[in-house]
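Note that the structure is predicted; figures quoted are calculated from it, not measured. Within every chain, numbering begins at 1; the chains are lettered A, B, ... in the order of the sequence lines, protein sequences first and strands thereafter.
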Protein chains: 2
Amino acid sequence: MSLPHAILTALLEQPSSGLELTRRFDRSIGFFWSATHQQIYRELGRLETTGLIRALPQSGPVRGQKKEYEVLPAGRAELARWTGAEDDPRPIRDPLLLRLRAAAVVGTAGLDAELRRHLDLHRAQLAHYEAIGRRDFPAGEGDGADPLQYAVLRAGVGLESFWVRWLAETVESLPPAPALPPAPGPAAGVRSVEGSENPS
Amino acid sequence: MSLPHAILTALLEQPSSGLELTRRFDRSIGFFWSATHQQIYRELGRLETTGLIRALPQSGPVRGQKKEYEVLPAGRAELARWTGAEDDPRPIRDPLLLRLRAAAVVGTAGLDAELRRHLDLHRAQLAHYEAIGRRDFPAGEGDGADPLQYAVLRAGVGLESFWVRWLAETVESLPPAPALPPAPGPAAGVRSVEGSENPS
DNA sequence: AGGTACATGTAACATGTTACATGATTCC
DNA sequence: GGAATCATGTAACATGTTACATGTACCT
């Protein structure tokens, strides 16, 4: 239930049309909550129906014409409520960790290259965030900048730094290329990993 | 498309029934890929239909009786393929970061308590992972333990450590309690944040 | 006979993804 | 008038969530 609130936030920062929102979800807000234009148009329709936003009056034809939205008082109230409400952190949900675990059973073929590829991608993303930091917070946190905006950027930098560090360590720790483990016939030899449920 | 592969991995580690899988998705595998029992039963049905797993023969009634599954060769092959395939890392998707950004617009009421609550939760989760590490990897990475399993645990520890650090810093950096910003009428006063699209 | 834990499922809905459809505007 | 870009949308499907339904086994 975060997409409507992401849109409310974006519209409060700057009233926009669907396509403008889509572009901003490819940059700023999209760095921690991405959405496609289909999702955005669908959600704009719902938010308008429920009276949290409204489309600014238009003249002339509608189809194919830009449609700007602004947040109504009810929308601002809902966003404020949501911001302070209790909502537990989502558990980790990462396909790469799942693949490492699968590799422990079916072999590490292709995994090394994939880890190096991810390492490069995370390094690039980290460099991107650091560039944003230099641009928007040249003096660090101490200056007049919004501590909330700065905290969000720090989270991006911190998470990407973690992945870069972890991937570098993991690539190191991986054996050169045994590629395939016992690789048994139909459901034999499975017992080798039994009992090592981990983490648990 | 990760749930079927999570189930294949779990079944290769240990042939199980739906409920047994559900329990393991509350512990070991669930720490980085959670799933409810409804998802698991639905997916078991699909995997059986597509010939990646099969139910072990049963005698007597079926409804309400345990049904064990094992992975077929096609399932093992599919899991090995997926493990080494290219799949980009998912972008960050975190409601808490979204709420920080929303708070920059609608005010920080309730946010401080929520951050402290998350801090406690992440500290508990970190302690949990560290306990698992002491239990399953007493000698660190150097011993005979599977480096893949150890890498997965290190990821859990590293991510939780990051959140603990970041939340502690962020709670510190937050102003005591201005609670509400200008709080204008319908869509006025919004200009104060304009142009500070961040990160972007 | 009733309660609890075990065990498998259905149904309805919310959210996210992928592919495609349509009209308006601008430039050549 | 054709291509590219801007702009809004539909449709179909995959995945995840929530609530509920049903039967078995065991204990008291």
Separation of C:dT25 P from A:Leu19 CG (nearest whole Å)
15 Å
Taking CD from A:Gln38 and P from C:dG16, how many angstroms apart are they, rounded to a whole number?
13 Å
Please verify the inter-ring angle class for B:Phe31 with B:His128; under 30° counts as parallel, over 60° as perpendicular, anything in between as tilted.
perpendicular
B:Thr170 and A:Arg154 side chains, donor-acceptor separation under 3.5 Å:
yes
So, do A:Glu20 and A:Gln14 sit near enough that their side-chain heavy atoms are less than 4.5 Å apart?
no
Side-chain contact check for B:Lys67: nearest option of C:dT15, C:dT8, C:dA24 is C:dT8
Any chance you could lay out the side chain to side chain contact (heavy atoms under 4.5 Å, CB included) test for A:Arg101 and A:Leu97, step after step, and finish with the verdict?
CA-CA 6 Å; A:Arg101 179 134 177 179; A:Leu97 296 180; over 6 Å; no
To the nearest angstrom, the NZ-C1' distance between A:Lys66 and D:dT5 comes to 13 Å
A:Arg116 with A:Asp120: basic N within carboxylate O range, under 4.0 Å:
no
Between D:dT15, C:dG16, D:dC20, spot the one nearest the side chain of B:Arg42, thanks.
D:dT15
With the side chain defined as heavy atoms from C-beta on, B:Ser17 is closest, among C:dT8, D:dA7, C:dG16, to C:dT8
Separation of D:dT15 C1' from B:Met1 CE (nearest whole Å):
11 Å
Separation of D:dG9 atom P from A:His37 atom NE2, nearest Å, is 10 Å
Check whether any side-chain nitrogen or oxygen of B:Tyr41 sits under 4.0 Å from OP1 or OP2 of C:dG9, and answer yes or no.
no
When the distance from CZ of A:Arg46 to P of C:dC13 is rounded to whole Å, what number comes out?
13 Å
Can you tell me how far C1' of C:dG9 sits from CD of B:Glu48, to the nearest Å?
14 Å
Of D:dG16, D:dT8, C:dA7, the nucleotide closest to the side chain of B:Trp33 is D:dG16
How would you label the contact of B:Arg93 with the nucleic acid (heavy atoms, under 4.0 Å): base, sugar-phosphate, or nothing?
sugar-phosphate
Provide, to the nearest angstrom, the distance between the CD atom belonging to B:Gln39 and the P atom belonging to C:dT10.
16 Å
